[in-house]
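Since this is a predicted model, take the numbers as computed values, not measurements. The residues of the chain are indexed from 1 along the displayed sequence.
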Amino acid sequence: MHNYLTPFTYMDGVITHQQPYANVNQASVKQVPAANFTGVLAKWSWIVLLIAAFVQVLIFTTLPNVVAVASVLLAWQIVKRIFLKKEMLEAFPLSSFLIIGYASTQFYFPIIFTLIEGKPLVFNLDLPYDVFLHSTVTIVVLALAHYVYRSLPYKHGTQSNSWLVKAGLFNIPSDLQLWIMGFMGIGATFYVYLYTPDIGWEVTGSASDKAIQALMPFSYIPFFIPFGEMYGKDKPVGKSTVLLLIGYTLLLFLVSIGRNSRGGFMIGFTTLGFSYIMGLMLGKYKNKIFTVKNAMIAVFAGWLLTGPVADIGTAMVLVRAHRMNIPYDELIGLTLDAYGDKEAIRRYRLADITSKHDWDENYLDNILLARFCNIKFNDASLVQAARIGGQDPYMATFVEDYIWATLPQPFLDVFKINIDKKMLKGVSMGDYLYYRAGGPKEALGGFRTGSMAGTGMATFGWWYMVFLGVGMIPVFLLFDLLYYKRKVQNPLTGTIYMQATFSICGMLGLDAVFRYLPSESVASIAIFLIRDFIQAIILYLVIYHGTRMLNLLVRKRKPALVTSN
């Protein structure tokens, strides 16, 4: 394996600095203890949680709220004692992050954010006991599945001859490559949603159009340039790069408004936040974050999220009905006009709270924070499952066909698998669950957000927990394949240590890892195993090697050799 972009060479299983780069900044090769920040984070997360739990029980004294608070304390104690530890994060970073993400979105964030909004933890939940019972059992099942995964004889993360390493998954891309990837992603977004918008809203289409659509997540890649330590780069970021990133952010913001997608710009920022937090936990950045400067940044970020960003997200929803009928420049203008009408935003939020009865998703007022901790989705799905009253064979058939529909049409044709792929991809699990519970057929296509608990009970009963536990073992393994530990030798002291390196492909998916399990069905596990992971790896490798060739053409010279194996 050859990597042409960093000053290392791989010899006898150890990476050493080549002589021309012996004066490299030692801060970049020195190991920073990860225990401090991880320990502080675990300690203060527990202190804050205890305070929030005490206030919740003190103010909202109903039995369902007390039971829910107890469930949160139990779940976070499991996470704190097993997964929020230096050793666990260094050995199994992404799989541990996945479980931390589930516990955060289903337990920790809800109790904190509802308290901030002056609400009980069980606000607007029809089946609070069921919601927290399923979530608590899930966290126990995940912990057991992870224990089995850790007990496997396979030792991941240290294989210098693994096929992923040889394929170049952990090669360090140049900044120019990352910029090229980013503009490819923005170009794909523009083509799919703005230039030919029919492609973006179709659930099926030509292979070429869907291939272009698959490039859209790469629009966030330039934001990783300041986080070079995470993927092995030691070159500091210059001021010009910062200015370019600010301009790039504005461009991405406009494109997101033009396609009427809140997630279009939020996912990029949340991925950056997760990258920084992961870097802190792994000791790649200084852990002195509790400073006056950082506090001011945190206050500003909080105001930005709860104020302007939340308002622009609501404005997008207000004009959503026009997104397929008018040009994108007019849609941007309408969105900005709606953003300026604060009274319309207030009325919409009030109507959103009071007007829904048969499928109510109201939990948090903040439309962006709700994306990360809306446990009302669980409640709404469990209500529909209760109306069905047992395992529904039609739900089982739908889930099976939904998995098949993930595969390419040529594959389905070869094996004569006859399904209505357009219909299956044109509805959500929540839609079909609602329909089977007695909702009108017109509800199909509304893309209601279901939950694993509700669809699981309506399809498999409590057996869905077995599918969850068994299925998550290979999922843990695959996620951790995107993280690699290699031996590195300090050129001055000769000390050999293990350097943790993420693939850019893995970093790009950090937001998806964090929010992986609050999914609509255990079918998402099968879909990930049979297609999503393989597709992500192949796509990244194709883009990486393609941009590497462009990088060489632009530079018109052969870069310094880094690694060979």
>> If I compare all heavy atoms of Ser524 with all of Ser519, which pair ends up nearest, and what's the gap?
In response: OG-OG, 3.1 Å
>> For Leu541 versus Ala167, what's the shortest heavy-atom pair and its separation?
In response: CD2-O, 3.6 Å
>> Within the 4.5 Å heavy-atom criterion, are Tyr432 and Leu424 side-chain neighbours or not?
In response: no
>> Tell me if a side-chain donor or acceptor on Asn374 pairs with a main-chain N or O of Glu361 at a distance below 3.5 Å.
In response: yes
> If you measure from CD1 on Ile538 to CD1 on Ile543, what distance do you get to the nearest 0.5 Å?
Replying inline: 12.5 Å
> Is the backbone N or O of Leu433 less than 3.5 Å from a side-chain atom of Arg448, with the two atoms forming a donor-acceptor pair by type?
Replying inline: no
> Is the distance between the ring centroids of Phe92 and Phe479 under 6.0 Å?
Replying inline: no
>> To check you understand the geometry: which heavy-atom pair defines the closest contact between Ile530 and Ile534, and what is its length?
In response: O-CD1, 4.1 Å
> Short question: side chain of Glu520, backbone of Gly430 - any donor-acceptor pair under 3.5 Å?
Replying inline: yes
>> Rounded at 0.5 Å granularity, tell me how far CG in Leu178 sits from OH in Tyr544.
In response: 10.0 Å
>> If you compare all heavy atoms of Ser95 against all heavy atoms of Phe476, which two are closest, and at what distance to 0.1 Å?
In response: CB-CD2, 3.6 Å
> Is a side-chain donor or acceptor of Lys233 paired with a backbone partner of Ile225 at a separation under 3.5 angstrom?
Replying inline: yes
> Which atom pair, heavy atoms only, marks the closest approach of Ala145 to Ile473?
Replying inline: O-CG1, 3.7 Å
>> To check you understand the geometry: which heavy-atom pair defines the closest contact between Leu245 and Pro222, and what is its length?
In response: CD2-O, 3.3 Å
>> For Phe502, run the ring-ring contact (aromatic ring centres under 6.0 Å, His included) check against Phe224, Tyr483, Phe227, Phe170 and tell me which one passes.
In response: Tyr483
>> Does the plane of the ring in Phe113 sit parallel, tilted or perpendicular to the ring in Phe109? Use 30° and 60° as the thresholds.
In response: tilted
>> Please tell me whether Asp511 and Tyr220 have a donor and an acceptor in their side chains that are separated by less than 3.5 angstrom.
In response: no
>> So does Tyr102 get a backbone contact from the side chain of Thr105, meaning a donor-acceptor N/O pair under 3.5 Å?
In response: yes
> About how many Å separate CG of Leu94 and CG of Leu478, when rounded to the nearest 0.5 Å?
Replying inline: 11.5 Å
> Looking at OG1 of Thr138 and CE of Met452, how far apart are the two atoms once the value is rounded to the nearest 0.5 Å?
Replying inline: 5.0 Å
> Between Gln177 (side chain) and Ser174 (backbone), is there a donor-acceptor pair under 3.5 Å?
Replying inline: yes
> What's the spacing between Ile221 CD1 and Ile186 CD1 if we round to 0.5 Å?
Replying inline: 12.0 Å
>> Check whether Thr547 reaches the backbone of Met181 with its side chain - one donor and one acceptor, N or O, closer than 3.5 Å.
In response: no
>> Is the terminal nitrogen or CZ of Lys425 (NZ for Lys, CZ for Arg) located under 6.0 angstrom from the six-membered ring centre of Tyr402 and within 45° of that ring's axis?
In response: yes
> Once you round to the nearest 0.5 Å, how far does CD of Glu442 lie from CG of Asp431?
Replying inline: 12.0 Å
> Would you call the rings of Phe274 and Phe97 parallel, tilted or perpendicular if under 30° counts as parallel and over 60° as perpendicular?
Replying inline: perpendicular
> Within the side chain of His146, is there an N or O that forms a donor-acceptor pair under 3.5 Å with the backbone of Met472?
Replying inline: no
